[in-house]
Number of protein chains: 2
Amino acid sequence: MAATILDVADLCGYSKATVSRAFASPDQVAEKTRQRVYEAARALNYTPDAIARAMVRGRTDNIGFVIYEKQYPVVLNPFYSPIFESVLQTCARKGYSLFISSDRDLRLPNGQTCVKKQMDGIILAGQSDAQMVMDLRRQNMPVVVLNNAIDVDDLTCVTTDQYGGALLAMRHLTERGHRKIAIIAGAFSPHVCTSRYNGYCDALREIGQTIDLRFVQTIEPTAEQATQCASMMLSLPDRPTAIFCTNDTIAVGTLKAALRAGLRIPQDVAIIGFDDSEISHLVEPELTTVRVDKAAMGCIAAEQLIAQIEGETPPKQVIQTPVELVIRQTT
Amino acid sequence: MAATILDVADLCGYSKATVSRAFASPDQVAEKTRQRVYEAARALNYTPDAIARAMVRGRTDNIGFVIYEKQYPVVLNPFYSPIFESVLQTCARKGYSLFISSDRDLRLPNGQTCVKKQMDGIILAGQSDAQMVMDLRRQNMPVVVLNNAIDVDDLTCVTTDQYGGALLAMRHLTERGHRKIAIIAGAFSPHVCTSRYNGYCDALREIGQTIDLRFVQTIEPTAEQATQCASMMLSLPDRPTAIFCTNDTIAVGTLKAALRAGLRIPQDVAIIGFDDSEISHLVEPELTTVRVDKAAMGCIAAEQLIAQIEGETPPKQVIQTPVELVIRQTT
DNA sequence: CTGTTAGCGCCTTCAC
DNA sequence: GTGAAGGCGCTAACAG
């Protein structure tokens with residue numbers, strides 16, 4: 001049986017209140033007393049019980065990072081993992097710990113959304129529905145939505161300039177004279193997909209180019225799928241001279257296809273990615289891509305959430321981090 | 001103020017015990033009753049308080065994944081992230097949630113190791129010291145060590161066949177006739193470093209080759225460092241004909257250096273990696289490497305820990321997952 | 001199947 | 001600077 005605060009109090013001769021203070025607010029306790037308490041605690045292997053503490057304080061100092069279960073696993077996802085890491089850092093800096101769970105953890109047997117877990121607030125990453133957000137809100141659970149934009153009152157959403165990024169990528173291509181530009185789009189959440197696709201279309205429209213549907217493909221965002229898809233496109237008699245890939249994993253798969261087809265890059269085909277994931281500068285030639293400030297996204301989301309937890313009422317807002325073109329060797 | 005179990009009990013006319021059961025063990029409650037309880041709960045936006053629940057049950061159903069703070073961030077680490085993912089999956093399957101924290105979360109103001117957080121057990125990943133393990137154990141906190149081997153009684157460590165893998169890689173190279181084989185070793189934890197280096201040395205010894213210290217380099221395991229280091233080696237007049245890299249990130253960096261130097265792979269230099277990370281089949285040519293069963297490592301660690309949490313006493317053991325050579329295009 | 005009762009271990013007033 | 005007492009919200013016996 002683990003020692004409790006009472007055992008320590010008995011051993012050191014002080015009251016449990018003093019023992020409690022010695023750990024929770026050391027400066028409210030006389031130096032000498034504190035030492036005695038610690039000594040007794042050490043002798044008994046006593047450690048404050050975090051649960052009991054959370055119970056009485058009404059706070060856990062934990063934050064939940066929740067992702068849709070069906071979504072490509074976060075930690076393995078080259079886009080989400082840096083965001084997650086940034087959230088982690090920010091939380092640590094502010095004294096919070098991070099919980100990682102899927103939306104499954106948020107369902108009760110009666111189907112209601114609820115927090116079965118011990119957290120003071122939630123970052124809802126990727127796909128997520130308004131219903132869940134509202135359920136959470138109704139239970140006074142602070143929420144911030146990440147990489148998605150949901151239309152709910154007083155909700156803060158943190159995303160990036162999806163549309164602007166796509167436009168940036170496409171204009172870069174059209175400015176270099178490309179006309180036959182294909183898009184290989186990953187089947188992401190609607191928010192991401194449509195914004196990026198709109199950028200593609202609008203850029204084409206700007207140069208008076210109509211959309212050739214043979215050049216528009218949607219795939220599961222894996223390198224393998226991309227390689228396969230790109231191989232087909234590149235073997236068309238009038239193949240595209242440039243391919244806009246809606247993330248870097250797809251771009252890498254496309255790059256493989258081009259390399260295997262013996263094409264020169266960028267002379268024969270230009271390839272542009274999106275996200276500026278780690279992989280983009282690991283491949284050779286290195287990928288031109290649109291940089292998304294993943295660190296900022298994570299940091300902002302965490303800070304916004306913590307502000308809410310600590311009492312602020314958020315306005316309804318969509319925070320978009322800016323994007324930037326990174327020109328490397330594939331365009 | 002959030003509704004409590006009592007409010008629900010009052011509203012639906014049952015006792016709080018029944019309300020509690022309706023959520024915690026629905027099958028012990030009559031269908032009709034359950035419905036009424038849920039209805040009242042919904043009306044009040046009631047949700048069981050996870051903290052209070054954990055307090056009285058003496059369990060949180062949470063597991064902590066703890067990493068050394070100075071360690072290269074887990075989620076971004078191509079080796080740890082699949083392990084982490086596997087732990088996550090296994091935990092989810094068994095009804096546990098995962099907490100991610102650094103060793104900093106485990107220190108009290110008095111310097112003692114302790115669990116400030118709400119968890120039933122801990123997976124200590126990567127570098128970790130015996131002292132911390134013992135402190136944790138003394139507090140009845142189940143621990144499993146991952147990717148490390150520590151000499152403590154009744155402690156389960158999960159790692160992989162580091163030495164065997166290195167031997168496998170090296171023999172593959174020597175069997176193909178290589179004699180001048182370099183090693184670019186990442187500065188990992190001693191456990192990993194020494195085992196892999198021993199494999200290198202022993203394989204060289206097998207063919208009667210002495211170790212040429214110009215061909216032995218230790219670096220921070222980034223692609224950039226590796227590229228730089230490999231460039232130097234490859235510009236030696238009597239450059240190595242093969243390079244054993246102690247992980248895939250290093251191998252990728254080395255590959256870049258070789259490609260840029262205009263060398264043909266594997267004819268001019270063979271490159272072999274370690275881990276079989278995602279990246280290994282994303283680069284072109286694809287990397288020959290030693291596959292480490294990261295999924296198994298994560299799964300075993302989680303299962304071992306959960307067994308302990310649920311009452312089993314572990315033997316002192318080091319579980320090594322087997323490795324396997326994956327021959328691709330760089331050898 | 002449902003109700004009663006007794007804490008879980010701690011923090012936080014409020015006194016002294 | 002320290003002590004006494006109350007209660008956080010829930011579950012787990014034990015009855016009925």
Side-chain angles (χ1 to χ4, degrees), chain A residues 1-38 40-41 44-61 108-109 114-120 139-141, chain B residues 1-38 40-41 44-61 108-109 114-120 139-141:
Chain A
M1 206 51 218
T4 80
I5 202 171
L6 253 177
D7 301 320
V8 179
D10 287 350
L11 182 60
C12 69
Y14 289 94
S15 73
K16 60 186 186 137
T18 299
V19 177
S20 168
R21 283 190 276 255
F23 286 101
S25 31
D27 36 310
Q28 286 180 39
V29 159
E31 168 68 21
K32 203 184 57 184
T33 312
R34 210 184 318 148
Q35 291 314 325
R36 289 212 191 130
V37 171
Y38 289 166
L44 296 170
N45 278 320
Y46 167 79
T47 260
D49 182 307
I51 295 295
R53 184 159 202 274
M55 165 106 145
V56 68
R57 294 199 325 147
R59 313 192 29 183
T60 59
D61 295 332
L108 280 180
C114 120
V115 186
K116 285 197 292 200
K117 292 301 177 177
Q118 301 87 359
M119 44 188 103
D120 298 339
Q139 293 165 38
N140 300 314
M141 177 61 70
Chain B
M1 206 49 218
T4 80
I5 202 169
L6 253 177
D7 301 320
V8 179
D10 286 351
L11 182 61
C12 69
Y14 289 94
S15 72
K16 60 186 190 141
T18 299
V19 176
S20 169
R21 281 190 279 256
F23 286 101
S25 30
D27 36 311
Q28 285 179 40
V29 162
E31 168 69 20
K32 204 183 55 182
T33 312
R34 210 184 319 149
Q35 290 315 324
R36 289 208 191 135
V37 171
Y38 289 166
L44 297 170
N45 278 320
Y46 167 78
T47 260
D49 181 307
I51 295 293
R53 184 160 203 271
M55 163 108 144
V56 70
R57 292 201 324 149
R59 316 189 28 181
T60 59
D61 294 331
L108 276 182
C114 121
V115 186
K116 284 198 292 200
K117 291 302 175 176
Q118 302 86 0
M119 43 187 101
D120 298 340
Q139 292 166 39
N140 300 313
M141 177 61 69

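Values reported hereafter were calculated over all heavy atoms of this structure, with side chains retained and with hydrogens, waters and symmetry mates removed. In the text below, chain A, chain B and the rest are named by the order of the sequence lines, each starting its count at 1. Not measured: the values here are computed from a predicted model.
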N/O (side chain, B:T33) to phosphate O (OP1/OP2, C:dC1) under 4.0 Å: no

Are OP1 or OP2 of C:dT4 and a side-chain N or O of B:S15 less than 4.0 angstrom apart? no

Hey, are the side chains of B:P48 and B:Y46 touching, using non-hydrogen atoms and a 4.5 Å cut-off? yes

Between protein and nucleotides 10-13 of chain D, what N or O pairs are separated by less than 3.5 Å?
{"unit_1": "D:dC10", "atom_1": "OP1", "unit_2": "B:Y46", "atom_2": "OH", "d": "2.6"}
{"unit_1": "D:dC10", "atom_1": "OP1", "unit_2": "B:D49", "atom_2": "N", "d": "3.0"}
{"unit_1": "D:dC10", "atom_1": "OP2", "unit_2": "B:I5", "atom_2": "N", "d": "2.4"}
{"unit_1": "D:dC10", "atom_1": "N4", "unit_2": "B:K16", "atom_2": "NZ", "d": "2.5"}
{"unit_1": "D:dT11", "atom_1": "OP1", "unit_2": "B:R53", "atom_2": "NE", "d": "2.7"}
{"unit_1": "D:dT11", "atom_1": "OP2", "unit_2": "B:S20", "atom_2": "OG", "d": "2.3"}
{"unit_1": "D:dT11", "atom_1": "O5'", "unit_2": "B:S20", "atom_2": "OG", "d": "3.4"}
{"unit_1": "D:dT11", "atom_1": "O4", "unit_2": "B:K16", "atom_2": "NZ", "d": "3.3"}

Between [X] ([atom1]) and [N] ([atom2]), how many Å, whole number?
| X | N | atom1 | atom2 | result |
| --- | --- | --- | --- | --- |
| A:D27 | D:dT2 | CG | C1' | 15 Å |
| B:Q35 | C:dC1 | CD | C1' | 16 Å |
| B:R36 | C:dC1 | CZ | P | 15 Å |
| A:Q139 | D:dG9 | CD | C1' | 15 Å |
| B:I51 | C:dC11 | CD1 | P | 13 Å |
| B:Q118 | D:dG9 | CD | C1' | 16 Å |
| A:Y14 | C:dC10 | OH | P | 19 Å |
| A:M55 | C:dG7 | CE | P | 15 Å |

Looking at CD1 of B:I5 and CG of B:L44, how far apart are the two atoms once the value is rounded to the nearest 0.5 Å? 12.0 Å

Where at least one partner belongs to residues 21-34 of chain B, residue pairs that pass salt bridge (Lys or Arg N to Asp or Glu O under 4.0 Å), sequence neighbours excluded: B:E31-B:R34

Name all residues meeting the side chain to side chain contact (heavy atoms under 4.5 Å, CB included) criterion together with A:T4; count only those two or more places apart in sequence or in a different chain, and write none if there are none. A:L6, A:D7

Per-pair distances, 0.1 Å, donor-acceptor, side chain in residues 52-59 of chain A, under 3.5 Å, sequence neighbours excluded:
{"unit_1": "A:R57", "atom_1": "NH2", "unit_2": "A:D61", "atom_2": "OD2", "d": "2.8"}
{"unit_1": "A:R59", "atom_1": "NH2", "unit_2": "A:D61", "atom_2": "OD1", "d": "3.0"}
{"unit_1": "A:R59", "atom_1": "NH2", "unit_2": "A:Y96", "atom_2": "OH", "d": "2.8"}

Holding to side chain to side chain donor-acceptor pair (under 3.5 Å), I want the full list of residues that pass it with A:T60, two or more places apart in sequence or in another chain. A:D120

